[in-house]
Amino acid sequence: MTAKPARTLVTSALPYANGPIHIGHIAGAYLPADLYVRYLRARKRDVVWVCGSDEHGAAITLRARKEGTTPRAIVDRYHAEMQEAFSGLDIAFDHYDRTSSEEHHGFAQEFFLELLEKGAFTEETRKQFYDPQEKQFLADRYIQGTCPKCQDERAYGDQCEKCGSALSPDELIDPKSTLSGSTPEMRDTTLWYLPMDRHESWLKTYLEDGVLDGEQHHDPKSWKAHVTGQCKSWVDGGLQSRAMTRDLDWGVPVPVEGADGKVLYVWLDAPLGYITATRNWAKKNGADWAPYWKDKDTQLVHFIGKDNIVFHCIIFPILLKEHGGYLLPHNVPANEFMNLEGDKISTSRNWAVWAKEYIDDFPGRSDEMRYVLASIMPEQKDAEFTWEDFQSRVNNELADVLGNFVNRVVVLTSKYFDGKAPSASGTWTSTDEALRELMASTPAAVGDAIERYRFRDALQHAMGLVRAGNKYLTEEEPWKVMKTDAQRTADILSLALQITANAAIVLAPFLPRTSEKIATALGTSDLPWDAAGGDLVPTGQPLGALPILFEKVTDEQVEVQRAKLGPDASQEGLRDVETEKPETSFDDFQAMDLRVAEVVAAEKVKGADKLLQLTVRTGYDERTVVSGIAEHFKPEDVVGRKVTLLANLAPRKIRGVVSQGMVLMASTEDGGLRFVTPDEGAEAGDIIR
RNA sequence: GGCGAGGUAGCUCAGCUGGUUAGAGCGCAGGAUUCAUAAUCCUGAGGUCGAGAGUUCAAGUCUCUCUCUCGCUACCA
């Protein structure tokens, strides 16, 4: 593993195409990958970085239905929007693809079939209802009919809500599809499962020892603790079979006869998108994709957020290994989450800094955001972004330390040496030597940190060189020395210029635009990483014009940004809510028996985080109701409250406790819960109608 | 509930296999300086390393218990 890989394939988690990109995404899976890849490119290593939009899955069809449009329209919109967001922050993929493309469908189907032939899946054939009109198999809850026990006409395929009996769809009398209303047919259907338990043994060795097929594959110690920790907990806990297909009409169709209305599970489909993207990259560039996924000298690295660990470290490796011939990841440097101004980032609550909005508000200032995110990247624990911190880092570190240093050097040089790099005498003081040593060692220090996925550390090392430059100028005082010793002044400024040129190289992954500006002014553009460490600016080099590198962020700008957080005022009253359910009848409403009840006792249900066991008084009895509100209310908070009770709901055993009814709750926009409380004066037992 | 990862200076975070007086940046206090974007540099104050117990010559670093935060997962809405 110490040997340099012949080539590296880098992937970033495919962003899900049903919402815009925010800084949490950027800091999690895209900026670190971008830094890593820019570094490798600067070292002239063979590296390809692919990504793309993940455009399948139930969430997208639901969103389309909600907005009254098609899934295609949704993914087209976000595919374009996400690409804009990435390029705004100079996130420079080699190829950005999408999973709804023909190429991807073709490849994913081919891959699935090969796995099928190899016996990677277990098949379960059973009879299931099929809607000929909608051309898909129906999940149990999409079928309604008459309950064989109580004759209620609105029983679902899995349960009759009226009498509470558990049903199977074929027991229903006169079943109907809830999608089209048509009568479904019984058809044979096959479900494909990935039996992950078969793979526990080699996975354990792979994850714990980094050994695969009897060979050392990677150094497990180089993986982050939270990544190996979570993987081991999964494997040790025993892996379950997982269905690899879904009954949906939006996705990669299962390429098997009779599997109409079935698509590949998104977690089978999406990671294969990495391979499709690599193939399409190769096609575009006249290259061969295969070595990037199949050659043993290739290093495969997945950049993701912590919520994706299991899929990338367990499920996808199983699929790749079962297929055979493909490489398994050498590292999965998952980041933790980014919080914002003391709260979790939330798309629905608009508690986020949107990449696109940032670029609109701070045009041309992508380096600033890249710098701040790299400084606070959630590498081993959740991190916190605040606009005040953003301001302070941009102003103090970028503008004052880096921008001002570069400016000092340029101004002094133009003042004393006519804007040309002065000629150094070649004899150095001990102070000079110490600084030259730091200059020589910095590229390796930065590079090592990057190769260990420690980007914050790397940035610290790079900035350390700039800080040392400031210290050097202040201590050597060339503006004083110039009065007595022009050659010494030349030596000082010459070294300061070399420091500047070196800083431009080691900072380039983080600050591509700024580094380019500096390098252009010093005439050191296009130097590879390996040139750094020594003298780069040739004597006599005329310095180009160098504008102010960083503007300060004002208090007003901070205020404006903070005010943007949270629900949009102009959208008030227009909540992003579920569409109304289909019209119902008065009789159906009458079927529900709603009553005022009073909570007389409450306790947590053992072994469940979300459940409270409530004892409620209805005025004519006392009964037990299990309610999933424990995360929002403590038992003592609810005792004595008047609540709205659905009294005639079929009893149901929940976590071992029989629940006789349901307490009605309003769910708030931010995901909270509120009791539906009757007005003052209502008493337990009052009927609601 | 099970599992995983975190809880270190006012703030944001380092501290890699246990080993000298626990570090950085910002902020704060004092000073130096003026080439520079009122920028820079130096010095200092500030921490019972979440709580408690244990192993060890030695623990932020290992073990156990408890507690808080985040994630995965189960039960639910």
Side-chain angles (χ1 to χ4, degrees), chain A residues 221-222 224-237 240 305-311 314 334 336-339 344 372 375-386 388-393 395-416 449 452 454 456-457 459-461 463-464 466-482 489 492-493 496 547-552 604-612 626-632 652-657 659 662-667 671 673:
Chain A
K221 284 194 186 127
S222 68
K224 297 189 186 193
H226 71 267
V227 176
T228 26
Q230 193 176 341
C231 291
K232 278 168 70 176
S233 102
W234 266 70
V235 176
D236 292 346
Q240 311 290 319
K306 67 171 157 181
D307 50 343
N308 273 340
I309 289 172
V310 177
F311 301 103
I314 295 180
E336 305 252 353
F337 285 168
M338 180 76 84
N339 292 321
K344 282 193 235 186
V372 172
S375 309
I376 62 174
M377 200 172 268
E379 287 173 352
Q380 24 201 352
K381 58 179 159 188
D382 289 357
E384 170 91 8
F385 179 97
T386 66
E388 201 184 324
D389 182 62
F390 173 84
Q391 177 190 34
S392 127
R393 285 181 192 275
N395 292 358
N396 298 327
E397 298 176 31
L398 285 180
D400 293 349
V401 174
L402 175 59
N404 183 45
F405 171 68
V406 174
N407 190 45
R408 297 171 86 180
V409 174
V410 170
V411 168
L412 285 167
T413 307
S414 59
K415 196 174 274 186
Y416 299 142
R452 290 162 67 207
R454 304 178 65 113
R456 304 204 307 197
D457 205 27
L459 184 51
Q460 283 300 311
H461 278 294
M463 286 300 284
V466 179
R467 290 180 195 277
N470 267 322
K471 181 181 161 90
Y472 179 70
L473 285 185
T474 303
E475 285 174 357
E476 296 302 314
E477 302 179 303
W479 49 92
K480 276 190 186 165
V481 177
M482 188 58 192
T489 311
I492 295 168
L493 285 180
I548 291 291
L549 293 175
F550 300 102
E551 299 287 341
K552 300 245 172 151
K604 286 204 64 173
V605 175
K606 269 179 285 171
D609 280 356
K610 296 184 183 172
L611 304 179
L612 281 190
V626 178
S627 187
I629 59 174
E631 288 182 327
H632 301 88
R652 190 162 175 175
K653 215 177 205 186
I654 299 167
R655 205 70 193 174
V657 183
S659 178
M662 180 168 132
V663 172
L664 269 47
M665 306 294 293
S667 70
L673 291 175

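Each chain gets a letter, A, B and so on, in the order its sequence line appears, and its residues count up from 1.
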**Student:** Please measure how far the C1' atom in B:rA9 lies from the corresponding atom in B:rG44, and state the result in whole Å.
**Tutor:** 14 Å

**Student:** Side chain of A:K552 only, please: which of B:rU37, B:rA14, B:rU40 is the nearest?
**Tutor:** B:rU37

**Student:** Does a side-chain N or O of A:K306 approach OP1 or OP2 of B:rG4 to a distance below 4.0 Å, or not?
**Tutor:** no

**Student:** Could you tell me whether A:K344 and A:D382 have a side-chain N and a carboxylate O separated by less than 4.0 Å?
**Tutor:** no

**Student:** Of the nucleotides B:rC35, B:rU73, B:rU37, which has the atom closest to the A:K415 side chain?
**Tutor:** B:rC35

**Student:** If you only use heavy atoms from C-beta on, which nucleotide in B:rC72, B:rC26, B:rU37 is closest to the side chain of A:D307?
**Tutor:** B:rC72

**Student:** Suppose you measure atom P in B:rA14 against the same atom in B:rG54; what distance do you get, rounded to whole Å?
**Tutor:** 31 Å

**Student:** Identify whether any heavy atom of A:M662 sits under 4.0 Å from a base atom; if not, whether one sits that close to sugar-phosphate; answer base, sugar-phosphate or nothing.
**Tutor:** sugar-phosphate

**Student:** Classify A:E551 by what it touches in the nucleic acid, base, sugar-phosphate, or nothing, heavy-atom distance under 4.0 Å.
**Tutor:** nothing

**Student:** Any strand counts, and the cut-off is 3.5 Å on both contacts for Watson-Crick or G-U wobble. Which nucleotide pairs with B:rG18?
**Tutor:** none

**Student:** Collect all protein-nucleotide pairs involving nucleotides 42-44 of chain B in which both atoms are nitrogen or oxygen and the distance is under 3.5 Å.
**Tutor:**
unit_1, atom_1, unit_2, atom_2, d
B:rC42, OP1, A:K471, NZ, 3.0

**Student:** Contact class for A:A383 vs. all strands (heavy atom < 4.0 Å): base, sugar-phosphate, or nothing?
**Tutor:** sugar-phosphate

**Student:** What integer distance in Å separates A:D236:CG from B:rC72:C1'?
**Tutor:** 14 Å

**Student:** Provide, to the nearest angstrom, the distance between the CG atom belonging to A:L459 and the P atom belonging to B:rC26.
**Tutor:** 13 Å

**Student:** Using a 4.0 Å heavy-atom cut-off across all strands, classify A:K232 as base, sugar-phosphate, or nothing.
**Tutor:** nothing

**Student:** Taking any heavy-atom pair under 4.0 Å as a contact, classify A:L473: base, sugar-phosphate, or nothing.
**Tutor:** nothing

**Student:** Checking all strands, does A:K480 fall into the base, sugar-phosphate, or nothing category for heavy-atom contacts under 4.0 angstrom?
**Tutor:** sugar-phosphate

**Student:** Can you tell me how far P in B:rU40 sits from the matching atom in B:rG25, rounded to whole Å?
**Tutor:** 13 Å

**Student:** Reckon A:A399 touches a base, only the sugar-phosphate, or nothing at all at heavy-atom distances under 4.0 Å?
**Tutor:** base

**Student:** Students often get this wrong, so: under 4.0 angstrom with heavy atoms, is A:N404 touching a base, only sugar-phosphate, or nothing?
**Tutor:** base

**Student:** Which nucleotide in the list B:rG25, B:rU40, B:rG27 gets nearest to the side chain of A:N396?
**Tutor:** B:rG27

**Student:** Measure the distance from CD on A:E336 to P on B:rC72 and round it to the nearest whole Å.
**Tutor:** 11 Å

**Student:** What's the separation between atom CZ in A:R408 and atom NZ in A:K415, rounded to the nearest 0.5 Å?
**Tutor:** 12.0 Å

**Student:** Is the backbone N or O of A:A399 less than 3.5 Å from a side-chain atom of A:K552, with the two atoms forming a donor-acceptor pair by type?
**Tutor:** no

**Student:** Please name the pair of heavy atoms, one in A:S659 and one in A:V626, separated by the smallest distance, quoted to 0.1 Å.
**Tutor:** OG-N, 2.9 Å

**Student:** Tell me: CD of A:Q230 to C1' of B:rG71, nearest whole Å?
**Tutor:** 7 Å

**Student:** Separation of A:D457 atom CG from B:rG15 atom P, in whole Å?
**Tutor:** 8 Å

**Student:** For B:rU55, which nucleotide is its Watson-Crick or G-U wobble mate, given both distances must be under 3.5 Å?
**Tutor:** none

**Student:** For the C1' atoms, the ones on B:rU67 and on B:rG50, what distance do you get once it is rounded to whole angstrom?
**Tutor:** 8 Å

**Student:** With rounding to the nearest 0.5 Å, note down the distance linking CG in A:D400 to CG in A:N407.
**Tutor:** 11.5 Å

**Student:** Need one value for A:E397: base, sugar-phosphate or nothing, where a base atom within 4.0 Å counts as base even if backbone is also close, heavy atoms only.
**Tutor:** sugar-phosphate

**Student:** State the pairing partner of B:rU40; accept Watson-Crick or G-U wobble contacts with both distances under 3.5 Å, and report none otherwise.
**Tutor:** B:rA32

**Student:** When we call it a touch if two heavy atoms are under 4.0 Å apart, what does A:R452 touch: a base, just sugar-phosphate, or nothing?
**Tutor:** base

**Student:** On RNA chain B, check which nucleotide each of A:Q460 and A:Q380 is closest to and give me the residue with the more 5' one.
**Tutor:** A:Q380

**Student:** Looking at B:rC13, B:rC76, B:rU37, which one has an atom nearest to any side-chain atom of A:K610?
**Tutor:** B:rC76

**Student:** Please confirm whether the shortest side-chain N or O distance from A:K381 to OP1 or OP2 of B:rA14 is below 4.0 Å.
**Tutor:** yes

**Student:** Have a look at A:F405 and say if it touches a base, only the backbone sugar-phosphate, or nothing, with a 4.0 Å heavy-atom cut-off.
**Tutor:** nothing

**Student:** How many angstroms lie between atom CD1 of A:I314 and atom SG of A:C231, to the nearest 0.5 angstrom?
**Tutor:** 5.0 Å

**Student:** Quickly work out the A:K224 NZ to B:rC72 C1' distance and round it to whole Å.
**Tutor:** 17 Å

**Student:** Under a 3.5 Å cut-off for both contacts, is B:rA5 paired Watson-Crick or G-U wobble with anything, and if yes, with which nucleotide?
**Tutor:** B:rU69

**Student:** For B:rC11, what is the paired nucleotide under Watson-Crick or G-U wobble rules, both distances under 3.5 Å?
**Tutor:** B:rG25

**Student:** So, A:E336 and A:K306, do they make that salt bridge, N to O below 4.0 Å?
**Tutor:** yes

**Student:** Quick one: CG on A:D307 to CD on A:Q230, what's the gap to the nearest 0.5 Å?
**Tutor:** 9.5 Å

**Student:** Got a second to check how far A:R454's CZ is from A:H461's NE2, nearest 0.5 Å?
**Tutor:** 9.0 Å

**Student:** With rounding to whole Å, what would you report as the distance between B:rC62 and B:rC26 at their P atoms?
**Tutor:** 31 Å

**Student:** Nearest whole angstrom, please: distance from the C1' of B:rU40 to the CG of A:L412.
**Tutor:** 12 Å

**Student:** Rounded to the nearest 0.5 Å, what separates atom CG in A:N470 from atom CG in A:L402?
**Tutor:** 9.0 Å

**Student:** What nucleotide, of B:rC75, B:rA5, B:rA36, holds the atom closest to the side chain of A:H226?
**Tutor:** B:rA5

**Student:** Mark yes or no for whether A:R456, through its side chain, and A:M377, through its backbone, hold a donor-acceptor pair below 3.5 Å.
**Tutor:** yes

**Student:** Check whether any side-chain N or O of A:K221 sits under 4.0 Å from OP1 or OP2 of B:rC16, and answer yes or no.
**Tutor:** no

**Student:** Work out how far the C1' atom of B:rA77 is from that of B:rG4, and round it to whole angstrom.
**Tutor:** 26 Å

**Student:** For the side chain of A:W234, counting heavy atoms from C-beta on, which of B:rG4, B:rC72, B:rU37 is nearest?
**Tutor:** B:rC72

**Student:** In whole Å, I'd like the distance from the CD1 atom of A:I309 to the C1' atom of B:rC3.
**Tutor:** 13 Å

**Student:** For B:rG52 versus B:rC13, give the span between their C1' atoms, rounded off to a whole number of Å.
**Tutor:** 27 Å

**Student:** Check A:S375 against A:R393 and note the closest heavy-atom contact, atom names and distance.
**Tutor:** CB-NH1, 3.6 Å

**Student:** RNA chain B: A:D382 or A:N470, which has the more 5' nearest nucleotide?
**Tutor:** A:N470

**Student:** Starting the side chain at C-beta, find the nucleotide from B:rC41, B:rG71, B:rU37 nearest to A:F337.
**Tutor:** B:rG71

**Student:** With both distances kept under 3.5 Å, what pairs with B:rG47, Watson-Crick or G-U wobble?
**Tutor:** none

**Student:** Counting side-chain heavy atoms from CB outward, which of B:rU40, B:rU73, B:rA14 is closest to A:R454?
**Tutor:** B:rA14

